[in-house]
Amino acid sequence: MKEKDNIPKSIKEFNKLNHMQLNVGILNSETQFLQMIAIVNNDGTVIHAKNYKYLKIPVRQADGRIGFVQKESVRIPARRYLEKTIVDSESAWQEFILNQVFEITECHDVTADSIMNSLGKKVVARMQNIMKSWSKPGNAPITVVNKGKDDPLIDTGKLMESIKYEIKEK
C-alpha cells in the first residue's frame, strides 16, 4: 500500500483558506433599497413625516378600495434576525469548518473553495429559515390588514430571496 504525501496540498489549501472572507447578506449594489429594508427590519427605527405634517399610510378597506391613515410617525421594532443567525449557529459552523479542515489533511477532495462555498450555503439557508420563522414582535395591525398575514420579515419574499453569499480574498 502506497501512502500519499498530502502535506503540500494541505498547506496550500490552509494558506488559501486563511486568506478568504465570507460575506453574507444583500450584497448586490443594485439592491440598495433592499439593503435599507434589511437594516430597518433588523435594527428598528422611527419614521417621521418630513415634508408634510403626516405620513399617509395606505390601508385596504373592507370593500377592497385603498384608503389612507395619517400618522405623524411610525415605529418599526427591531427584529434582530442577523444577530440571531450568528448566535444560533456559530458553533455549528465552527465545527463544520474544523471537520472540513481535517478532511483536507486526509487526502479527500476537499478544498478551501469547497469549504467556503458549503459554509456560504449553510449561512444563507439558516438566515432565510430564521426570517421565515420570525414571529415576535409581530406586524402592526394595519400591516397585517395590508399584507393579509402577520409575518414580520416576509412580505413578497424578495428580501429573503436577495440574501446571498460571496467569497472574497482578504
Side-chain angles (χ1 to χ4, degrees), residues 6 9-47 57-58 60 74-170:
N6 201 35
K9 179 217 174 222
S10 297
I11 291 170
K12 177 182 164 216
E13 293 302 322
F14 294 154
N15 284 334
K16 185 173 183 181
L17 193 57
N18 281 329
H19 291 91
M20 297 173 96
Q21 175 178 309
L22 180 67
N23 298 324
V24 178
I26 300 171
L27 307 170
N28 186 337
S29 63
E30 296 172 9
T31 57
Q32 287 181 340
F33 178 74
L34 286 175
Q35 290 171 341
M36 182 269 301
I37 296 296
I39 291 167
V40 166
N41 272 293
N42 189 72
D43 298 346
T45 195
V46 176
I47 301 172
I57 303 168
R60 190 178 324 272
V74 292
R75 185 183 74 80
I76 299 172
R79 297 175 174 106
R80 300 235 176 246
Y81 66 97
L82 298 172
E83 290 86 346
K84 183 168 176 47
T85 300
I86 295 167
V87 169
D88 284 3
S89 303
E90 186 175 29
S91 62
W93 297 332
Q94 289 171 346
E95 184 176 331
F96 168 77
I97 291 171
L98 285 173
N99 289 334
Q100 292 298 294
V101 165
F102 178 75
E103 291 295 315
I104 288 174
T105 64
E106 292 296 308
C107 301
H108 297 283
D109 291 333
V110 176
T111 64
D113 289 325
S114 70
I115 291 172
M116 293 301 276
N117 278 301
S118 294
L119 181 61
K121 290 173 186 172
K122 288 177 181 294
V123 176
V124 167
R126 182 67 185 139
M127 187 176 293
Q128 290 173 333
N129 286 332
I130 285 173
M131 291 176 78
K132 286 178 200 171
S133 65
W134 198 276
S135 61
K136 301 284 181 202
N139 288 126
I142 194 170
T143 305
V144 173
V145 169
N146 284 336
K147 286 171 60 171
K149 60 185 176 183
D150 187 3
D151 198 347
L153 293 175
I154 308 292
D155 186 9
T156 65
K158 189 169 177 108
L159 177 65
M160 185 183 68
E161 292 165 5
S162 296
I163 305 291
K164 307 287 184 204
Y165 76 92
E166 68 182 5
I167 301 165
K168 292 208 167 189
E169 191 174 327
K170 58 178 177 176

[X] and [Y]: which non-hydrogen atoms are nearest, and at how many Å?
| X | Y | result |
| --- | --- | --- |
| His19 | Asn15 | ND1-O, 2.7 Å |
| Lys149 | Asn139 | O-OD1, 4.0 Å |
| Thr111 | Ile104 | C-CD1, 4.4 Å |
| Asp109 | Ser114 | O-OG, 4.5 Å |
| Pro152 | Trp134 | CD-O, 3.4 Å |
| Ser10 | Thr105 | OG-CA, 3.5 Å |

- Using side chain to side chain contact (heavy atoms under 4.5 Å, CB included) as the criterion, point out the one residue from Lys122, Arg126, Gln128, Lys121 that pairs with Val124.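 Answer after filtering Lys122, Arg126, Gln128, Lys121: Gln128.
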- Item | Candidates Asn42, Ile130, Asn41 - the one meeting side chain to side chain contact (heavy atoms under 4.5 Å, CB included) with Arg79 |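 With Arg79 as partner, side chain to side chain contact (heavy atoms under 4.5 Å, CB included) holds for just one option, Asn41.
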Can you find a heavy atom in the side chain of [X] that is under 4.5 Å from one in the side chain of [Y]?
| X | Y | answer |
| --- | --- | --- |
| Met20 | Ile115 | no |
| Arg80 | Asp43 | yes |
| Asp113 | Ile167 | no |
| Ile163 | Val123 | no |
| Val101 | Glu13 | no |

Could you measure the distance from the [atom1] atom of [X] to the [atom2] atom of [Y]? Nearest 0.5 Å is fine.
| X | Y | atom1 | atom2 | result |
| --- | --- | --- | --- | --- |
| Ile86 | Ser91 | CD1 | OG | 12.5 Å |
| Leu34 | Ile39 | CG | CD1 | 11.0 Å |
| Asn129 | Tyr81 | CG | OH | 14.5 Å |
| Lys132 | Ile154 | NZ | CD1 | 7.5 Å |
| Leu153 | Met127 | CG | CE | 11.0 Å |
| Arg75 | Thr45 | CZ | OG1 | 10.5 Å |

Return yes when atom [atom1] of [X] has more than 12 non-hydrogen atoms of other residues, nucleotides or ligands closer than 6.0 Å, and no otherwise.
| X | atom1 | value |
| --- | --- | --- |
| Lys9 | NZ | yes |
| Gln32 | CD | no |
| Phe102 | CZ | no |

- Message: Checking the side chain of Asp150 only, and the main-chain atoms of Ser135 only, is there a donor and an acceptor separated by less than 3.5 Å?
- Response: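 Pair absent, no side-chain N/O of Asp150 close to backbone of Ser135.
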- Item | Donor-acceptor contact below 3.5 Å, side chain Glu166 vs main chain Asn23 |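 Pair absent, no side-chain N/O of Glu166 close to backbone of Asn23.
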- Item | Pair Met116-Leu17, side-chain contact (heavy atoms from CB on, under 4.5 Å): steps then yes or no | CA-CA 8 Å; Met116 293 301 276; Leu17 193 57; 3.8 Å; yes
- Message: Walk me through whether Asn99 and Glu95 qualify under side-chain contact (heavy atoms from CB on, under 4.5 Å).
- Response: CA-CA 6 Å; Asn99 289 334; Glu95 184 176 331; 3.9 Å; yes
